[in-house]
Amino acid sequence: MEYVSPEGLRLDGRRPMEMRQIRGEIGVVDKADGSAVFEMGNTKVIAAVYGPREVQNRSQQMNDRALVRCEYTMANFSTGDRMRKPKGDRRSTEISLVIRQTMEACIMTHLMPRTQIDIFVQVLQADGGTRSACINAATLALSDAGIPMRDLVTSCSAGYLNSTPLLDLNYVEDSAGGADVTLGIMPKLDKVTLLQMDAKLPLDIFENVMQLAIEGCKAVATYIREVLLENTKQLEYRRGT
Amino acid sequence: MLQNKSFVKRTRGGKITKVVREHYLRHDIYCGAPVCKVCDTSGARLSPTASTILIFDTNVVLHQIDLIENPAIEDVVVLSIVLEEVKNRNLSVYNRVRALCSNSLRKFFVFSNEHHKDTYVTDMSGESKNDRNDRAIRVAAQWYQTHLAGSAKVLLITNDKENKRKAIEEGISAETVESYVRSLSKPELLDLLVQPASEDVKMEDAEDLRPSKRKVIYSEHKPMSEITSGLHRGIYHQGKLRVNRYNPFEAYVGSESIGDEIIIYGRTNMNRAFDGDIVAVELLPQDQWHEEKSLALADEEDEEEDVHLVPGSADDAPRTIAAQGSAGITEPVQNRPSGRVVGIIKRNWHSYCGSLEPMAKPAGGGGIAHALFVSKDRRIPKIRIQTRQLENLMDKRIIVAVDSWDRLSRYPSGHYVRTIGVIGDKDTETEVVLIENDINTRPFSSQVLACLPPLPWFVSSEDLANPIRQDLRQLRVFSVDPPGCKDIDDALHCTALPNGNYEVGVHIADVTNFVHSGTPLDDEASQRGTSVYLVERRIDMLPKPLTEDICSLRADVERLAFSVIWEMTAEAEIISARYTKSVIKSCAALSYIEAQARMDDSRLMDPLTTDLRNMNSLAKIMRARRIERGALTLASAEVKFEIDTETHDPLDMGMYQIREANQMVEEFMLAANVSVAEKILKHFPLCSLLRRHPSPTREMLEPLLRTAAAIGLNLDVSSSKALADSLDSAVGDDPYFNKLIRILATRCMTQAVYFCSGDLSPPEYLHYGLAASLYTHFTSPIRRYADVITHRLLAASLGIYKLPTIFQDGPRLTSIADNLNYRHRNAQMASRASVELHTVIFFKKRPTDTEARIVRIRSNGFFVFVPKYGIEGPVYLTPRGEKGSGEWYVDEQQQKIRKMDGSISYSVLQTVFIHMEIVEPQPNRPKLQLSLV
C-alpha cells in the first residue's frame, strides 16, 4: 500500500510533516469545574475535570498530595461500526492509566493534599491519535479548572511508513502496521512525560520520528496557549475591567 | 481547506458501514509547466517549449499504455484521479505509468488534481463514480487551459464519446486517440494502438465470411459474484494456472482447497486462461477424469518436440507422468482430479516475444492485414494481431501484447509493440532469450553508479586501521577459477601449523563493504538477483568496476575480504572456526587447469604447490565424508563452446571437463557455506536466508525407476544415502553407463530454493542433494544477491554491523527470497537457451553423425541423449503426421519399441548412431533435426 505518493502527498492530501486541523474549545460542560473539547481532524474528544475536591474513598486519601483519577471511555457512536464498547476493557484501562500518569506528572499535587482530582475523557469520534487528543483535551480542561500545573502537557503522534516519517497519523495510517510513536511533552520545561511506541524502529530512524513528534507537540502547545489566552481575554471582557 | 469524503463500504463480514475520511485541499500544488508564471517551477517536468499538453482519460491509459510508452508521446499531464483508477483496475499498467512519471528522460508530470483547491469536484447526487471521475478530468483539463492560457494548448485525449462531447461543449479541446495519432503522421504508431472495443463488431463481420468459424468456441466466464460465492461454498477452486512448458494443452492449478493439483486438459477446458492467471476451476465429474487423458496424448503428438538441452532438474524436464499413464490402469496418477476453468480472477497478461506465423501474402498489401503471432514461449497460444507493416514484420522477432479474448475467437487478439530484429540473427535471438526470461540488461542508472567508490580504488589506511578488519596480507592466499574469469569472488589459503594441524581459510570478496543496504545500488542488485552467464556475454548484477576490479580478488593487489578460517586436523576434522573481515593480497590467480597441472607435476615443490596438494588431500577426505553421509554425486551435461573472437560464432563445442581442482575448490566452498549457515541461524533463527533442497517424492523418481527396472537395475530411493549407494553400484559394462544413470537421476530432482528460516520448521531446512541439514550461499557475493544478504547476516552476528531493518520485516524477506528464486531460475533458463541457440548456429554449417543413447521411448519414436554435445531430442521412426500405422509396437514394461515383424527393436539406454543437421521446415525457422543413420 502506498501511504505517501511519489508526489509527496499522503492519502488525505497532507504532506508528511503536516498535522491535521486542530481545534480546541474551553467550557463545554457547565457543571464541571473545567472542561474542553479537542479535535484533531476527525478525532473529537471531550474532557471534564472535577476537583480538587474531597476524596470519595477515604482509604485512598493521601496526606502529602492530591489523588488524580482518570477515566477514559469511547462513545458507542465514535467509530463507524456502532460496536458496543464495554466499559473497563483492556484498552481503555491502559489508556486511562497512561493519561493519568501523564497528567499527574505535571499537576502540582503537593499543593492540594487530601483532595482528589477527577479527569473524565470521552472519545466522541475516533480517527486515529485518540490518545494524543485525550491528553490535549485534558490539559485544556485542567487549565480551565484552574488546577496548578508545572507546564502544559501536549501530545502528538508520529509514525514511519513507506520509509518516511509521518506526523499525526490518522486511522488508515495508524492501522497500516508501521511504527507509531505517541509522545507527550512539557514544552516549556522541555521534558518528556509520555513516550509509547508499537512495532519496532531502528534507533537512528526512531530519533528522526521522535524529533518530528516533538515538533508536533510544540505546535499543539502553541495552539493551546492561544486558546487559553483567548479564553482569558473573554473572561476579562466579561468581568468588564 | 478541509473537505470530508464520505462513502459507504461493505465490510468483510458483509455489513454495510459508512466511512468518513478527511480530504485536504491545497494551494501548493503546481502545474508542472516551466513556462508558468504563477506556479513554483522547481518541480516542473514538462518541456519549456511544449506547444501541446496532453491529458489522458483513464481508459486511454489503461488500454493504450504501449502507445504512451512510445517516446513520440511527450508533455503529458497525468491526473492523480486517473492514476488512482488505473491502480484499482490494473496494477501492472499502473507500475508502467509510474515508471514513466519517474523517468527523468520522459516529460510526464503527475498533477494531484484531487487535492488541488480548484480542481476538486464534489460528488453530485445521482452521479455514478465514473461520471464523477470523468467530470474531474474535464475540470482539471479546463483548469489547465485557463491556467496556461496562451502559452500552451491543452488537449484532452479520450475514447469515451460522451466524455468527448461534454468536453467540447465545455470548451475544452478533445480528441480520440486514433485521430490524435493520425495527426502526428507517424504510421508506425498506429500499430501500437489497441483496437477499441467497437471494432469487435467488424471482426465478427469479417468472420461471417467463414461460417465454420463463426460459432461460440468457449463457454462464458462466470460473473465475479458467482465465482466468489462458488469459492465460498467449495464448488469452485481458486489457484494459479500453470501451463505445461512441454505441452501447452495441459495445465495445472495448484489448489489449496483440495490440497492437490487439478489438471486441466485442452484449450476448451482452459477456457481462455493464460499461464500465470489466477483462475476459478470447477472439477469435472470423476468418470471424465480418465477419458480426457487419451485426448491429451493425441493432442500432444500433434505438437512438435524440439531438440533441447538435457534438463538440469525436474523443473526443466517435461512433465511425463500424466502422459505416460495411458498404458496401465493401476497407475496412482490417474486419480488426479481434472477440471475446467469457469472464470478468471486475475489476468497475467503481459507482452510476449515471438514471430508472425508464415502465411500467404495478402492481396492488397500496404493496408491493414490480420496475422497470427506465434510466441517463442510455447505455453502461450497464438495471438491475432492487425498490422500495417506485414511485409516488414514477416522475418522479424517482435513483441506483442494481448488485449482481449472473446468467446467467438479461437485465439486472443493483441497488438504489435515493437520489433527486436531479424529472426535467426544471433543478437536478436539473444535478446529474445533475455526478454523471455525477464532479465534486465539496461545499463546501470546514474543513481546506481553514484554509489560506487571513486576510481581508481585502493585499500586505504583507514581500512587497515579499522579494528574489525584483520590484516591477512602476509598469508599465501590464492584463487582458483575457470580460465578468463574476471569476477573472482573467492580465494583460499592453507598453512601447516606447528602442531600438525592446518589453518585453512576461505576468503570471499567483501561486497557489502561497498553495497550498503537501502542504497539505489543495493535495490538494483536485489532486483537483478544474480549475474547471468550466456555463452558469449555476461550480464552483471553489480556494475562493472565492482565486479571486475574493486571486489574481484585479483592477484597481487590488496583487496578487502570476508574470511572464514578453520583449524583442521590432517583428517580434515574442523577444530575451530572463526569469521572476520580482512585485508588480503592474493599471490596467484590460477585457473583450474593450472592448479591441476601444478598438483600433478611432481617436480614442483614450491610453497604454493604444497599448499594446493595439502588442500587437495583435505578436500578428498571431506568429500569422501560427505558422500558417506549420503550426498549425491549427480551428473549434469554441461557444454562448453569455443567462440571465434571476431565473429563470435561457435567454433567447437564439447562437454565441460571436471577436474580434481574444481572439486577441491567446490569442497571448501561447501564447507564455508555450511559453517556460515550454522553461525547465522544460531544468531538469527527467524530471519536467516538459507537454501534448501526438498527430498524428491517417489512420484518424481518414477521415470528413473521405470528406466532402471527396464534394464534390470534395482535402485533404492528410500533416502539420499540409499540412492547414492545404489547409484555408485550401478556400473554397467560400458564406462558411460553410470554417468547416464546419474544424469537421469539428476533430472528427477527439483531445484534447490532460497527461503527465509522463519517460514519453515527446522526439519524442512534439509538440503537433500548435499545431505546437509543446513545450507546457505555465502561464497559468491559478486554474482549472487543471496550471498550479499548472508554477508550482512554474518557481519551482524559478529556484532560488526547492525542488521538492516528489512530483516525485521518477515513478509518482505520472503518476497526477496522468492524474487531470488525466480531470478536464479530465469538466469539458468537463459543460459540454457543461449547454449541451445549456439548449438543451432554451430550445427548449421556442420551436419554431424554421432553416437547417442536412448533415454525415453515414445509411441512413434524415442528420445536420445547425445553425450558429446549434451543435447537431447526426438528421433522419429514413423514420419510425423501419420501416426498409429501399427508398424511399431511399444513395450512399456521393458521400455522397448519393436517393429511388428520383429526385425528391429530399440530399448532404453541402447546406443544408436544418429545424424544431426539443421533443417528449415519453414523459412527463417531453423531447427535441429536428429535422424537414425
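Each chain gets a letter, A, B and so on, in the order its sequence line appears, and its residues count up from 1.
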Identify every side-chain donor-acceptor pair in residues 128-136 of chain A under 3.5 Å, counting partners at least two apart or on other chains, and give the distances.
residue   : atom : partner   : partner atom : Å
Arg131(A) : NH1  : Glu94(A)  : OE1          : 3.3
Arg131(A) : NH1  : Glu94(A)  : OE2          : 3.3
Arg131(A) : NH1  : Gln196(A) : OE1          : 2.8
Ser132(A) : OG   : Ser155(A) : OG           : 3.1
Asn136(A) : OD1  : Ser155(A) : N            : 2.8
Asn136(A) : ND2  : Ser132(A) : O            : 3.3
Asn136(A) : ND2  : Ser155(A) : O            : 3.1

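- Asp759(B) meets the side chain to side chain donor-acceptor pair (under 3.5 Å) test with Thr814(B); sequence neighbours excluded.
- Rounded to the nearest 0.5 Å, atoms OG (Ser5(A)) and CZ (Arg98(B)) are 6.0 Å apart.
- Around NZ of Lys44(A), the count of heavy atoms belonging to other residues, nucleotides or ligands within 6.0 Å does not exceed 12.
- Side-chain atoms of Asp127(A) and Val20(B), non-hydrogen and from C-beta on, never get closer than 4.5 Å to each other.
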Quiz: residues 224-235 of chain A side-chain donor-acceptor pairs under 3.5 angstrom, not counting sequence neighbours:
residue   : atom : partner   : partner atom : Å
Thr232(A) : OG1  : Leu228(A) : O            : 2.6

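- Arg20(A) places a side-chain heavy atom less than 4.5 Å from the side chain of Tyr24(B).
- The closest side-chain heavy-atom distance from Glu7(A) to His115(B) is not below 4.5 Å.
- Within residues 211-220 of chain A, no residue has a heavy atom under 4.5 Å from a heavy atom of chain B.
- Only the backbone of Arg10(A) comes within contact range of chain B, judged by heavy atoms closer than 4.5 Å.
- With a 4.5 Å cut-off on non-hydrogen atoms, Glu2(A) touches chain B through its backbone and its side chain both.
- Looking at every heavy atom in both residues, Gly41(A) comes nearest to Glu22(B) through CA-OE2, 2.9 Å.
- Side-chain N or O atoms of Tyr171(A) include none that pairs as donor or acceptor with a backbone N or O of Arg21(B) at under 3.5 Å.
- Across Arg26(B) and Gly13(A), no two heavy atoms sit closer than the pair NH1-O, 2.7 Å.
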